[in-house]
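What you see is a predicted model; the values in this text were computed from it and never measured. In each ligand, atom 1 is the first atom listed, and ligand 1 is the first ligand listed.
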Amino acid sequence: MPGIVIVGVQWGDEGKGKATDLLGERTDWVVKFNGGNNAGHTVVIGDEKYALHLLPSGILSPGVIPVIGNGVVVDLEVLFGELEALNARGIDTSRLKISANAHIITQYHRTLDKVTERFLGKRMIGTTGRGIGPAYADKINRVGIRMQDLFDENILRQKVEGALDQKNHLLVKVFNRRAITVDEVVEDLLSYAPRLRSIVCDTSLLLNTALDDGDVVVFEGGQATMLDIDHGTYPFVTSSSATAGGAATGAGIGPNRLDRIVGIVKAYTTRVGSGPFPTELFDEQGEWLRSRGFEFGTTTGRPRRVGWYDAPITRYATRVNGITDLVLTKLDILTGLAEIPVCVAYDVDGERFDEVPVNQSDFHHATPILQYFSGWKQDISRARTFEDLPLEAQDYVLALEEMSGTRISVIGVGAARDAVIVRHDLID
Ligand code: IMP
């Protein structure tokens, strides 16, 4: 059962690290297949804390080969910043492999991300400002720069010229910025080439061979279903495929190599940036959830928007990803509430919707139809079996499971790495 995909169900920050940790020692490869340094996760090992934005979490486990697939956009300054910081702390990063087809985020992508957001004014997406959208736009427009271009100066120069031709008009005439020269970009990119020679390769071939050999390969999705470019709350989304299908295209493997699709879902909901969010709370209950759950962005530090659990979203994510197992995280954050509201359907201008509406305007107008569950007061962070949970917490989990249409295989009950209840093994 070697190919396992991990995807976020909601708008990101569901705590995917819990699932990666659980698979831990049994994992041979960890593959990042979408996004770039817009993600952010903090990994705690012993007394040491590591903040990673671009590198897959597998970089910290000596027995794991971390891979950055072709579906990722790579900021080379960030890449080497993270590698050097890890090396300085004695972590061996020499196992890292990056696809020759992965695209590069350059200085002009970062600049364009920021000026475009400013230009959009109140229609802004609320991006992380890391150049993600403009880099993917270039990929789709066929004017992107790929890893392999760094090894052929002539080709690189031609491609950068092609990319900057239009952009400089835009930067100077529309955004009132200075033009960016081909030389400065080429010189900057070439400075990384010698260090990339041993890292960049055909990762699709590597991964297919690994799967043929029966290795356990974990495909770690960045962002989440509701931020997916096709299936999320467009246009308030990221620019990549964050759903399970993205693992196949973004890593160069066939969809039939994916044996388990694990959806990570928080026991309540959060979102960063703009866009619809039906269960969002604006009152002191929201403040309570935010501070108890420590809901502040890892990449940008922004306070996250918070709200109750939204069952139609989990059902939707189960459908568009083909989720086989759910990992419910942060159940302990709800401890202490007298009753816990859950969104079971939406009211859209007087009409009931049991599923996520396909029309953007309907979703913007959706207000939650809530069902209330009894809360619990006991500390649950030491529960290790389902039966250790108070009956109210058990009922809450079983109700979510029924509404989601997939089994909840793992429940996160605390911040500690081992604070989980495993009901079904994620690899068997
Ligand atoms: P971008 O990915 O920087 O283009 O941002 C697009 C949207 O995705 C914004 O609303 C971001 O806040 C959101 N986003 C991107 N990465 C993450 C993440 O890792 N967690 C949560 N939200 C994210």
Side-chain angles (χ1 to χ4, degrees), residues 6-20 32-43 51-57 71-75 78 82 103 105-106 108-120 122-140 220-243 246 250 263-266 268-277 280 290 293-307 313 317 329-330 360 363-364:
I6 295 177
V7 289
V9 161
Q10 298 149 322
W11 281 282
D13 310 306
E14 292 92 351
K16 296 185 200 90
K18 268 270 185 287
T20 328
K32 182 179 168 90
F33 62 81
N34 76 303
N37 55 312
N38 44 349
H41 38 262
T42 310
V43 185
L52 300 175
H53 296 285
L54 173 62
L55 291 169
S57 58
V72 175
V73 284
V74 181
D75 184 319
V78 173
E82 288 193 358
H103 280 248
I105 302 179
T106 67
Y108 49 82
H109 296 121
R110 289 189 295 263
T111 304
L112 280 168
D113 197 354
K114 294 197 183 101
V115 291
T116 314
E117 280 283 274
R118 232 168 283 152
F119 200 72
L120 282 171
K122 66 179 175 29
R123 286 176 292 122
M124 74 193 284
I125 310 284
T127 72
T128 56
R130 304 292 195 263
I132 307 291
Y136 278 113
D138 275 5
K139 172 177 173 174
I140 301 300
E220 218 177 41
Q223 292 76 52
T225 305
M226 300 309 277
L227 288 172
D228 180 273
I229 185 75
D230 285 272
H231 303 293
T233 46
Y234 191 91
F236 302 103
V237 291
T238 191
S239 298
S240 67
S241 296
T243 41
I264 316 297
V265 63
K266 207 147 44 180
Y268 52 97
T269 313
T270 61
R271 166 161 214 174
V272 193
S274 321
F277 181 177
E280 183 167 14
R290 184 178 301 113
F294 202 71
E295 297 296 352
F296 298 89
T298 326
T299 299
T300 58
R302 290 182 283 182
R304 296 180 184 140
R305 299 160 64 192
V306 295
I313 283 182
T329 59
K330 289 188 145 181
Q360 183 189 352
F363 202 48
H364 273 272

_Taking the ring centre of each residue, are Phe296 and Phe294 less than 6.0 Å apart?_
yes
*Go through the structure and list residues passing side chain to side chain contact (heavy atoms under 4.5 Å, CB included) with Ala242, not counting sequence neighbours.*
Asn34, Gln223, Asp228
*Answer with yes or no whether Arg302 contacts ligand 1, where contact means a heavy atom under 4.0 Å from a ligand atom.*
yes
*Answer with yes or no whether Gln223 contacts ligand 1, where contact means a heavy atom under 4.0 Å from a ligand atom.*
yes
_Min heavy-atom dist Asp113 to ligand 1 below 4.0 Å_ = no
*Can you check whether Asp13 has an N/O within less than 3.5 Å of an N/O in ligand 1?*
yes
_The one among Asn37, Thr127, Ile229, Thr233 that brings a heavy atom closest to atom 4 (O) of ligand 1_ = Thr127
*May I ask you to decide whether Glu295 forms a salt bridge with Lys330, counting only side-chain N to carboxylate O separations under 4.0 Å?*
yes
_Just to check, does Trp11 reach to within less than 4.0 Å of ligand 1 when the distance is taken from its heavy atoms?_
yes
*Can you sort out the partners of Lys32 under side chain to side chain contact (heavy atoms under 4.5 Å, CB included), two or more places apart, ordered by chain and number?*
Ala39, Leu54, Pro56, Val72
_Atoms in ligand 1 flagged as close to Ala39, the criterion being non-hydrogen separation under 4.0 Å_ = 19 (O)
*May I ask whether Ser239 has any heavy atom positioned less than 4.0 angstrom from an atom of ligand 1?*
no
_As an exercise, state the distance from CZ of Arg271 to CD of Gln10, rounded to the nearest 0.5 Å._
11.5 Å
